Amino acid sequence: MTSAPNAAPLWQPDADRIAAAAITRFQAWAAERYGAPAEGGYPALHRWSVDELDTFWKAVADWFDVRFSTPYETVLADRSMPGAQWFPGATLNYAEHALRTAEDPDRADDPALLYVDETHELTPVSWSELRRQVGSLAAALRALGVRPGDRVSGYLPNIPQATVALLATAAVGGVWTSCAPDFGARSVLDRFQQVEPVVLFTVDGYRYGGKEHNRTEAVAELRRELPTLRAVVHIPLLGTPAPEGAVEWSALTAADTEPVFEQVPFEHPLWVLYSSGTTGLPKAIVQSQGGILLEHFKQIGLHCDLGPQDRFFWYTSTGWMMWNFLISGLLTGTTVVLYDGSPGHPDTGAQWRIAERTRATLFGTSAAYVMACAKARVHPARDFDLSRIKCVATTGSPLPPDGFRWLHDEVASDLWIASVSGGTDVCSCFAGAVPTLPVHIGELQAPCLGTDLQAWDAQGKPLTGEVGELVVTNPMPSMPIRFWNDPDGARYHDSYFDTYPGVWRHGDWITLTDHGSVIIHGRSDSTLNRQGVRMGSADIYEVVERLPEIRESLVIGVEEPDGGYWMPLFVHLADGATLDDDLRARIKQAIRTQLSPRHVPDEVIEVPGVPHTLTGKRIEVPVKRLLQGAALDKAVNPGSVDNIGLLSFYEDLARTRR
């Protein structure tokens, strides 16, 4: 990702917007009570939040009125990484906070959830109804024998029942884990078999792209291969009857039962998320009730600036950490918009139509969707009423500069654009949205509060204005408490702390600019390194995919046995395009002009498609391994790829080059 140095901001919040932001009020309040800087705006607040880490997180807990049923002894008993101990002695419950708005009689009938499917019809679920269903299901889970620490799994799309199941699981102190139903049975088993769930919530199928997809055979396989299951709960999304031995969802959620919230230790597991698992079994990442509660209060209430008046939409599935993040919008009394379906059905503008229908105030999507809209010449502001949107946020991959310009031109000229970056590993953002800071094209606004984000060179020296490894030098509450089935913590340690002992290395190349923003260049484990110069793949994708003939691209740097270095660029062409000498020349010229001669690939090769993880990220490292001669079963976990057949092209290419 590139950005002109010291260019004028694309967007600058006005004085009224800055004054109204929750983060501004928080800073003034924390200055009065906790010694935070009253002047200096966000940069001063951020500096204080990392210098006075304990005080900052105490202030967050107080500002959001976190209910500790047992008080904590101290904020941070041990700040070593891994192994930081947050709020020892405290007990609380995540679901209790997520449903707190239902206690307000003035809000009880307001929508907590707005559910939309491909018909684009709205189905509201009120706060009181959500609380009632969670109470009924939590009691049913206890009756089924679910106890604190037991794992409860969901093979579910982004439907209200998934939200209810997550909150009911948290209410009883269980540990939630989920996969989307477009995951094949083997991919689900790679995840669920690690954690041995006792309950499985499942649909009979799902609708996507205008078609019904029956999953009864996959569900039957999950039941056979998960021997720890005590109960299977059937949700008839396609209208089929419950299979033998399964319990109907309606039977467990019909009671009018006040929820009972198990008070658990701060570090008690809330859920298990999974890495993409492209080169082995997915890492089973365990995050805590208290850590997620505080981190998401901070992100959603301060960085996203969401409150009771807002409607929060993010296109996601239950197999991606953004779904968990989205559900946490309930913590701030915000109405959460759930969409189940294809992002582009019946046409590319579908997500903007959902924003109009739901009157979303924060519109979250992927950078890929923004660029697809630009290529399809979608005109959101012309075709839809988006007057309620105050922020468009993107993640999944860096938003290219052209994406910033397109949102500014086609959605609103006075639009807060928040490109954010974090990870499943922390279920949050390291850098991204700040409502009181300007937006520069191609840049994330700033590191997040309480996140000591730095760029380091190979020797561990901090860098400014240069490309370095993304590191976090102080603990965050939502960092994993452990990986499942990693008893000595070796896999956890090796995943983040092997390169710089005691410091979190995330695996991204970033630049911290002299005006405090962050530029993401791509994954450091798939970095291009030509003649000793490191280059980010994201910079090349940005340039190449501006060309209308290119649907998507993939660039790989391959170290060869003779000491050479081969850097091919694979291109998936748009319909009707042809990779002739003229297009090859234009691709190379664009890269040479907009980046540098070093960035120009050795070859441009047409491919039938670019492989992705199940959450939509381009697969670079496994393709590199294939090109270096690794067998397919050694280079990649087949269950982690959206279209395993695409990888045979790269395997065949490697064979012909030997």
Side-chain angles (χ1 to χ4, degrees), residues 61 64-71 90-115 123-154 156 159-176 178 198-199 201 230-231 233-235 247-266 268-271 288-290 292-294 296-297 308 324 327-336 338:
F64 288 105
D65 190 24
V66 171
R67 295 177 179 174
F68 295 104
S69 52
T70 306
T91 57
L92 43 62
N93 188 279
Y94 169 90
E96 181 178 5
H97 291 81
L99 293 169
R100 194 160 56 178
T101 297
E103 300 170 9
D104 180 353
D106 293 332
R107 296 287 316 280
D109 294 331
D110 291 348
L113 306 175
L114 280 177
Y115 169 60
T123 302
V125 179
S126 70
W127 284 99
S128 58
E129 175 63 11
L130 179 61
R131 184 180 173 90
R132 186 201 63 74
Q133 288 190 33
V134 170
S136 178
L137 184 57
L141 289 175
R142 288 187 173 99
L144 290 169
V146 177
R147 298 293 177 260
D150 285 348
R151 277 75 63 207
V152 175
S153 57
L156 302 171
I159 55 179
Q161 292 93 326
T163 303
V164 173
L166 161 62
L167 294 176
T169 300
V172 305
V175 185
W176 175 256
S178 62
V198 299
V199 176
F201 290 92
R230 297 183 211 144
V233 181
H234 175 74
I235 300 169
V247 183
E248 287 282 7
W249 169 267
S250 57
L252 303 185
T253 55
D256 190 1
T257 306
E258 186 69 15
V260 176
F261 302 106
E262 188 77 22
Q263 299 303 302
V264 297
F266 189 93
H268 186 83
L270 172 62
W271 53 48
S288 70
Q289 287 229 13
I292 288 295
L293 181 67
L294 261 71
H296 285 185
F297 262 135
N324 303 67
I327 302 310
S328 283
L330 298 171
L331 295 172
T332 53
T334 301
T335 298
V336 169
L338 308 176

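For this chain, numbers begin at 1 and follow the sequence in order. All of these numbers come straight from a predicted model, not from anything done at the bench.
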Report yes if some heavy atom in the side chain of [X] is under 4.5 Å from a heavy atom in the side chain of [Y]; otherwise report no.
| X | Y | answer |
| --- | --- | --- |
| F201 | Q161 | no |
| D110 | T335 | no |
| L167 | W176 | no |
| T163 | V134 | no |
| L338 | P160 | yes |
| S288 | L270 | no |

State whether the side chain of [X] and the backbone N or O of [Y] hold a donor-acceptor pair below 3.5 Å, judged by distance alone.
| X | Y | answer |
| --- | --- | --- |
| S153 | V199 | yes |
| Q289 | Y94 | yes |
| S136 | L252 | yes |
| R107 | G333 | yes |
| T91 | T70 | yes |
| H97 | R67 | yes |
| R151 | G149 | yes |
| N93 | A170 | yes |

Closest approach of [X] and [Y], non-hydrogen atoms and distance?
| X | Y | result |
| --- | --- | --- |
| W127 | A112 | CD2-CB, 3.4 Å |
| S128 | A102 | N-CB, 4.4 Å |
| L330 | L130 | CD1-CD2, 4.1 Å |
| L331 | A98 | CD2-N, 3.6 Å |
| L294 | A61 | CD2-CB, 4.3 Å |
| V264 | G173 | CG1-CA, 4.2 Å |

If you measure from [atom1] on [X] to [atom2] on [Y], what distance do you get to the nearest 0.5 Å?
| X | Y | atom1 | atom2 | answer |
| --- | --- | --- | --- | --- |
| R131 | E96 | CZ | CD | 8.0 Å |
| I235 | T253 | CD1 | OG1 | 8.5 Å |
| L166 | L137 | CG | CG | 11.0 Å |

Check this for me: does any side-chain nitrogen of one of R147 and D150 sit under 4.0 Å from a carboxylate oxygen of the other?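 A salt bridge is absent here (no side-chain N lies under 4.0 Å from a carboxylate O).
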Using 4.0 Å as the upper bound for N to carboxylate O, is an ion pair formed by R132 and E129? yes
Determine, stepwise, if the pair R100 / D65 fulfils side chain to side chain contact (heavy atoms under 4.5 Å, CB included). CA-CA 11 Å; R100 194 160 56 178; D65 190 24; 4.1 Å; yes
Which label fits H296 and W271: parallel for a plane angle under 30°, tilted from 30 to 60°, or perpendicular past 60°? tilted
Can you say whether the rings of F68 and F266 are parallel (under 30°), tilted (30 to 60°) or perpendicular (over 60°)? parallel
Using the ring-ring contact (aromatic ring centres under 6.0 Å, His included) criterion, which residues pair with F261? Sequence neighbours excluded.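 Per chain and number, F261 pairs via ring-ring contact (aromatic ring centres under 6.0 Å, His included) with no residue.
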Kindly indicate, with the supporting measurements, whether the criterion side chain to side chain contact (heavy atoms under 4.5 Å, CB included) is fulfilled by Y115 and V125. CA-CA 8 Å; Y115 169 60; V125 179; 5.7 Å; no
